[in-house]
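Heads up, the thing below is written out as C-alpha coordinates.
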Amino acid sequence: MSTLKTSIGNFQFDTCVMNASGVHCYDQSELDGLRASSAGTFVTKSATLQPREGNPTPRYKPVPLGSINSMGLPNLGIDFYLDYLKSVEVGKSSPFLSVTGLSREETHTLLNKVQSSDYDGLVELNLSCPNIVGKPQLGYDIEGVKKLLTEVFAYFDQPLGVKLPPYFDLTHFDQMAEVLNQFPLTFVNTVNSIGNALYIEDETVAIKPKNGFGGLGGTYIKPTALANVHAFYQRLKPSIAIIGTGGVTSGRDVFEHILCGASLVQIGTALQEEGPAIFDRLQAELLEIMTEKGYKSLDDFRGKLQYL
Ligand code: SIN
(Lines give C-alpha, C1' and ligand atoms only; values in the text may rest on other atoms or scores of the structure.)
Protein backbone atom coordinates (compact mmCIF):
# COMPACT_ATOMS: atom_id res chain seq x y z
CA MET A 1 0.00 0.00 0.00
CA SER A 2 1.43 3.41 -0.97
CA THR A 3 1.60 6.29 1.50
CA LEU A 4 1.07 10.02 0.96
CA LYS A 5 2.89 10.96 4.19
CA THR A 6 5.08 14.03 3.96
CA SER A 7 6.87 16.59 6.10
CA ILE A 8 7.83 20.26 6.25
CA GLY A 9 10.68 21.00 8.62
CA ASN A 10 10.04 18.92 11.75
CA PHE A 11 6.31 18.66 11.11
CA GLN A 12 4.79 15.44 9.77
CA PHE A 13 1.59 15.21 7.73
CA ASP A 14 -0.42 12.09 6.91
CA THR A 15 -1.15 13.33 3.43
CA CYS A 16 0.19 15.94 1.04
CA VAL A 17 -2.89 18.01 0.09
CA MET A 18 -4.36 21.01 1.88
CA ASN A 19 -6.14 24.30 1.14
CA ALA A 20 -4.46 27.40 -0.24
CA SER A 21 -4.76 30.46 1.97
CA GLY A 22 -7.84 32.47 1.05
CA VAL A 23 -9.97 29.46 0.23
CA HIS A 24 -12.32 27.94 2.82
CA CYS A 25 -10.35 29.42 5.72
CA TYR A 26 -11.93 32.79 6.57
CA ASP A 27 -13.97 31.98 9.68
CA GLN A 28 -14.62 29.26 12.25
CA SER A 29 -17.11 27.33 10.15
CA GLU A 30 -14.84 27.21 7.08
CA LEU A 31 -11.81 26.27 9.17
CA ASP A 32 -13.80 23.59 11.01
CA GLY A 33 -14.78 22.25 7.58
CA LEU A 34 -11.14 21.85 6.64
CA ARG A 35 -10.31 20.15 9.93
CA ALA A 36 -13.14 17.69 9.36
CA SER A 37 -11.90 16.94 5.82
CA SER A 38 -9.20 14.50 4.75
CA ALA A 39 -6.70 17.32 4.06
CA GLY A 40 -3.27 16.76 5.63
CA THR A 41 -3.42 20.14 7.35
CA PHE A 42 -4.79 23.64 6.70
CA VAL A 43 -3.72 27.26 6.42
CA THR A 44 -5.71 30.22 7.70
CA LYS A 45 -6.69 33.26 5.62
CA SER A 46 -3.81 35.76 5.57
CA ALA A 47 -4.35 37.86 8.67
CA THR A 48 -3.74 41.55 9.06
CA LEU A 49 -3.53 43.27 12.44
CA GLN A 50 -7.10 44.54 12.25
CA PRO A 51 -10.07 42.74 10.67
CA ARG A 52 -10.69 43.79 7.05
CA GLU A 53 -13.84 43.67 4.94
CA GLY A 54 -11.82 43.52 1.73
CA ASN A 55 -12.70 44.89 -1.71
CA PRO A 56 -16.20 45.56 -3.06
CA THR A 57 -18.14 42.66 -4.58
CA PRO A 58 -18.31 40.89 -6.96
CA ARG A 59 -14.66 40.14 -6.25
CA TYR A 60 -14.33 36.44 -7.15
CA LYS A 61 -15.53 34.84 -10.36
CA PRO A 62 -15.11 31.26 -11.53
CA VAL A 63 -14.34 31.28 -15.26
CA PRO A 64 -14.00 28.35 -17.68
CA LEU A 65 -10.31 27.64 -17.05
CA GLY A 66 -10.00 28.83 -13.47
CA SER A 67 -10.91 31.96 -11.53
CA ILE A 68 -10.18 35.64 -11.19
CA ASN A 69 -10.27 37.36 -7.81
CA SER A 70 -9.60 40.65 -6.15
CA MET A 71 -10.66 39.83 -2.62
CA GLY A 72 -8.54 42.52 -0.96
CA LEU A 73 -7.56 40.44 2.07
CA PRO A 74 -10.90 40.14 3.85
CA ASN A 75 -10.02 38.54 7.19
CA LEU A 76 -11.05 38.52 10.83
CA GLY A 77 -7.76 39.90 12.14
CA ILE A 78 -4.77 38.17 13.71
CA ASP A 79 -6.39 37.80 17.15
CA PHE A 80 -9.22 35.72 15.72
CA TYR A 81 -6.86 33.28 13.97
CA LEU A 82 -4.53 32.99 16.96
CA ASP A 83 -7.54 32.33 19.22
CA TYR A 84 -8.89 29.76 16.76
CA LEU A 85 -5.60 27.87 16.60
CA LYS A 86 -5.37 27.93 20.39
CA SER A 87 -8.89 26.58 20.78
CA VAL A 88 -8.69 23.60 18.45
CA GLU A 89 -7.10 20.21 18.84
CA VAL A 90 -4.67 20.16 15.94
CA GLY A 91 -3.02 16.84 16.76
CA LYS A 92 0.43 16.10 15.47
CA SER A 93 -0.01 17.96 12.17
CA SER A 94 0.69 21.63 12.63
CA PRO A 95 -1.60 24.03 10.81
CA PHE A 96 -0.14 27.04 9.04
CA LEU A 97 -0.92 30.53 10.29
CA SER A 98 -0.81 32.99 7.39
CA VAL A 99 -0.02 36.65 8.04
CA THR A 100 0.51 39.67 5.84
CA GLY A 101 1.31 43.21 6.84
CA LEU A 102 0.12 46.14 4.76
CA SER A 103 3.40 47.80 5.73
CA ARG A 104 6.79 46.69 7.00
CA GLU A 105 5.84 47.93 10.48
CA GLU A 106 2.59 45.96 10.45
CA THR A 107 4.44 42.80 9.42
CA HIS A 108 6.77 43.17 12.41
CA THR A 109 3.87 43.87 14.76
CA LEU A 110 2.09 40.76 13.49
CA LEU A 111 5.12 38.50 13.83
CA ASN A 112 5.91 39.85 17.29
CA LYS A 113 2.33 39.14 18.30
CA VAL A 114 2.59 35.58 16.96
CA GLN A 115 5.88 35.04 18.73
CA SER A 116 4.51 36.17 22.07
CA SER A 117 1.33 34.08 21.69
CA ASP A 118 0.76 30.42 22.60
CA TYR A 119 0.97 29.43 18.93
CA ASP A 120 4.31 27.84 18.17
CA GLY A 121 3.52 26.13 14.85
CA LEU A 122 4.25 26.97 11.23
CA VAL A 123 3.83 30.54 10.01
CA GLU A 124 3.44 31.64 6.40
CA LEU A 125 4.35 35.23 5.58
CA ASN A 126 2.38 36.25 2.50
CA LEU A 127 4.54 38.50 0.31
CA SER A 128 2.36 38.25 -2.76
CA CYS A 129 -1.19 39.60 -2.49
CA PRO A 130 -1.80 41.42 -5.79
CA ASN A 131 -5.12 42.96 -4.83
CA ILE A 132 -4.46 45.91 -2.53
CA VAL A 133 -4.68 49.25 -4.32
CA GLY A 134 -1.47 51.22 -3.91
CA LYS A 135 0.46 48.31 -2.34
CA PRO A 136 2.75 46.48 -4.76
CA GLN A 137 3.56 42.85 -4.06
CA LEU A 138 6.74 42.82 -1.95
CA GLY A 139 7.70 39.51 -3.59
CA TYR A 140 8.62 41.44 -6.75
CA ASP A 141 11.01 43.69 -4.80
CA ILE A 142 13.88 41.28 -4.25
CA GLU A 143 16.01 43.73 -2.23
CA GLY A 144 12.90 44.60 -0.18
CA VAL A 145 12.40 40.89 0.64
CA LYS A 146 16.03 40.63 1.72
CA LYS A 147 15.69 43.65 3.99
CA LEU A 148 12.44 42.42 5.51
CA LEU A 149 13.72 38.88 6.15
CA THR A 150 16.93 40.25 7.66
CA GLU A 151 14.83 42.26 10.12
CA VAL A 152 12.41 39.38 10.80
CA PHE A 153 15.05 36.76 11.53
CA ALA A 154 16.71 39.09 14.02
CA TYR A 155 13.90 38.20 16.46
CA PHE A 156 11.55 35.59 14.98
CA ASP A 157 12.43 32.00 15.82
CA GLN A 158 9.31 30.03 14.91
CA PRO A 159 9.23 27.92 11.75
CA LEU A 160 8.59 30.46 9.01
CA GLY A 161 7.97 30.32 5.28
CA VAL A 162 7.08 32.83 2.59
CA LYS A 163 4.32 32.79 -0.01
CA LEU A 164 5.69 34.05 -3.29
CA PRO A 165 4.20 35.48 -6.45
CA PRO A 166 5.00 33.73 -9.72
CA TYR A 167 8.25 34.72 -11.42
CA PHE A 168 8.70 34.58 -15.17
CA ASP A 169 12.40 35.04 -15.81
CA LEU A 170 15.26 32.68 -14.97
CA THR A 171 17.26 35.64 -13.69
CA HIS A 172 14.53 36.39 -11.19
CA PHE A 173 14.51 32.76 -9.99
CA ASP A 174 18.29 33.02 -9.51
CA GLN A 175 18.10 36.34 -7.67
CA MET A 176 15.20 35.36 -5.44
CA ALA A 177 16.69 31.97 -4.56
CA GLU A 178 20.01 33.63 -3.73
CA VAL A 179 18.19 35.86 -1.22
CA LEU A 180 16.00 33.11 0.25
CA ASN A 181 18.99 30.80 0.74
CA GLN A 182 20.50 33.35 3.13
CA PHE A 183 17.77 32.75 5.72
CA PRO A 184 16.65 29.84 7.95
CA LEU A 185 13.32 29.56 6.15
CA THR A 186 11.39 26.35 6.75
CA PHE A 187 9.49 26.51 3.48
CA VAL A 188 8.66 28.50 0.39
CA ASN A 189 5.12 28.42 -1.00
CA THR A 190 4.96 29.00 -4.73
CA VAL A 191 2.78 30.39 -6.40
CA ASN A 192 0.16 32.92 -5.44
CA SER A 193 -2.23 33.94 -8.23
CA ILE A 194 -0.86 35.53 -11.41
CA GLY A 195 -1.58 39.12 -10.49
CA ASN A 196 -3.59 41.70 -12.39
CA ALA A 197 -5.17 39.63 -15.11
CA LEU A 198 -8.30 40.87 -16.89
CA TYR A 199 -11.25 38.63 -17.77
CA ILE A 200 -13.97 40.03 -20.02
CA GLU A 201 -17.50 38.77 -20.62
CA ASP A 202 -19.19 40.33 -23.67
CA GLU A 203 -17.92 43.90 -23.18
CA THR A 204 -17.59 43.97 -19.41
CA VAL A 205 -15.02 42.98 -16.81
CA ALA A 206 -15.86 40.01 -14.55
CA ILE A 207 -15.13 41.55 -11.12
CA LYS A 208 -15.70 44.99 -9.63
CA PRO A 209 -12.46 46.03 -7.81
CA LYS A 210 -9.67 47.71 -9.76
CA ASN A 211 -11.91 47.94 -12.86
CA GLY A 212 -11.66 44.17 -13.32
CA PHE A 213 -7.95 43.54 -12.73
CA GLY A 214 -7.43 40.54 -10.46
CA GLY A 215 -5.39 37.48 -9.60
CA LEU A 216 -5.71 34.56 -11.99
CA GLY A 217 -5.99 31.05 -10.54
CA GLY A 218 -6.89 27.54 -11.63
CA THR A 219 -5.98 25.58 -14.74
CA TYR A 220 -4.64 28.68 -16.51
CA ILE A 221 -1.72 28.89 -14.10
CA LYS A 222 -0.60 25.27 -13.69
CA PRO A 223 2.37 25.47 -16.11
CA THR A 224 3.57 28.67 -14.43
CA ALA A 225 3.14 27.12 -10.99
CA LEU A 226 5.05 23.98 -11.97
CA ALA A 227 7.86 26.09 -13.44
CA ASN A 228 8.16 28.05 -10.20
CA VAL A 229 8.08 24.92 -8.03
CA HIS A 230 10.79 23.26 -10.09
CA ALA A 231 12.93 26.37 -10.50
CA PHE A 232 13.01 26.87 -6.71
CA TYR A 233 13.50 23.13 -6.10
CA GLN A 234 16.62 23.35 -8.29
CA ARG A 235 17.94 26.45 -6.56
CA LEU A 236 16.97 26.39 -2.86
CA LYS A 237 19.04 24.70 -0.18
CA PRO A 238 17.53 21.30 0.81
CA SER A 239 16.47 22.55 4.26
CA ILE A 240 13.85 24.81 2.62
CA ALA A 241 10.83 22.67 1.69
CA ILE A 242 8.60 23.68 -1.18
CA ILE A 243 4.83 23.94 -1.08
CA GLY A 244 3.36 23.81 -4.57
CA THR A 245 0.25 25.84 -5.29
CA GLY A 246 -1.49 26.57 -8.55
CA GLY A 247 -3.74 24.90 -11.06
CA VAL A 248 -4.51 21.68 -9.19
CA THR A 249 -7.80 20.05 -10.15
CA SER A 250 -6.80 16.37 -10.25
CA GLY A 251 -4.53 13.78 -8.68
CA ARG A 252 -2.39 14.03 -11.82
CA ASP A 253 -1.82 17.73 -11.07
CA VAL A 254 -0.77 16.89 -7.49
CA PHE A 255 1.59 14.25 -8.92
CA GLU A 256 3.17 16.84 -11.24
CA HIS A 257 3.72 19.34 -8.43
CA ILE A 258 5.50 16.65 -6.40
CA LEU A 259 7.49 15.53 -9.45
CA CYS A 260 8.66 19.15 -9.72
CA GLY A 261 9.77 19.13 -6.07
CA ALA A 262 6.80 20.01 -3.84
CA SER A 263 6.43 18.46 -0.39
CA LEU A 264 2.88 19.68 0.16
CA VAL A 265 0.38 20.76 -2.49
CA GLN A 266 -2.27 23.44 -1.90
CA ILE A 267 -5.62 23.68 -3.61
CA GLY A 268 -7.28 27.02 -4.32
CA THR A 269 -9.83 27.50 -7.10
CA ALA A 270 -10.82 23.82 -7.32
CA LEU A 271 -11.44 23.71 -3.55
CA GLN A 272 -13.56 26.84 -3.83
CA GLU A 273 -15.66 25.22 -6.55
CA GLU A 274 -15.82 21.63 -5.27
CA GLY A 275 -15.62 22.00 -1.48
CA PRO A 276 -13.52 19.97 0.98
CA ALA A 277 -14.63 16.60 -0.47
CA ILE A 278 -12.09 17.37 -3.21
CA PHE A 279 -9.31 16.14 -0.92
CA ASP A 280 -10.71 12.57 -1.00
CA ARG A 281 -10.83 12.58 -4.80
CA LEU A 282 -7.33 14.04 -5.23
CA GLN A 283 -5.78 11.50 -2.89
CA ALA A 284 -7.58 8.56 -4.53
CA GLU A 285 -6.43 9.73 -7.98
CA LEU A 286 -2.86 10.29 -6.79
CA LEU A 287 -2.70 6.86 -5.14
CA GLU A 288 -3.96 5.26 -8.35
CA ILE A 289 -1.15 6.91 -10.34
CA MET A 290 1.43 5.86 -7.76
CA THR A 291 0.17 2.27 -7.76
CA GLU A 292 0.30 2.12 -11.58
CA LYS A 293 3.89 3.35 -11.49
CA GLY A 294 4.94 1.21 -8.53
CA TYR A 295 5.72 4.19 -6.27
CA LYS A 296 5.34 3.46 -2.57
CA SER A 297 6.00 6.94 -1.21
CA LEU A 298 6.27 10.55 -2.38
CA ASP A 299 10.05 10.33 -1.98
CA ASP A 300 10.09 7.79 -4.83
CA PHE A 301 9.32 10.58 -7.32
CA ARG A 302 9.60 13.95 -5.56
CA GLY A 303 11.77 16.28 -7.63
CA LYS A 304 12.58 13.52 -10.12
CA LEU A 305 11.23 15.34 -13.17
CA GLN A 306 12.84 13.86 -16.28
CA TYR A 307 14.43 16.02 -18.98
CA LEU A 308 14.77 15.34 -22.70
C1 SIN B 1 -6.86 38.54 -1.53
O2 SIN B 1 -7.39 38.49 -0.42
O3 SIN B 1 -6.98 39.54 -2.26
C4 SIN B 1 -6.06 37.39 -2.04
C5 SIN B 1 -4.92 37.12 -1.16
C6 SIN B 1 -3.67 36.80 -1.89
O7 SIN B 1 -3.67 36.66 -3.12
O8 SIN B 1 -2.63 36.68 -1.24
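First listed ligand is number 1; within each ligand, the first listed atom is number 1.
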Just verifying a value: how many Å separate [X] [atom1] and [Y] [atom2], rounded to the nearest 0.5 Å?
| X | Y | atom1 | atom2 | value |
| --- | --- | --- | --- | --- |
| Ile240 | Leu185 | CD1 | CG | 5.0 Å |
| Tyr233 | Lys304 | OH | NZ | 8.0 Å |
| Asp253 | Leu282 | CG | CG | 8.5 Å |
| Leu148 | Phe183 | CG | CZ | 9.0 Å |

task = Before accepting this row, confirm whether a basic side-chain N of the pair Arg281/Glu285 lies closer than 4.0 Å to the acidic partner's carboxylate O.
result =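 A salt bridge is present here (some side-chain N lies under 4.0 Å from a carboxylate O).
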Under-4.0 Å salt bridge between Glu256 and Lys222 =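 Between Lys222 and Glu256 there is a salt bridge, with a charged N closer than 4.0 Å to a carboxylate O.
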message = Residue by residue, ordered by chain and number, which ones reach under 4.0 Å of ligand 1 with a heavy atom?
response =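 Residues within 4.0 Å of ligand 1: Lys45, Asn69, Met71, Gly72, Leu73, Pro74, Asn126, Cys129, Pro130, Asn131, Asn192.
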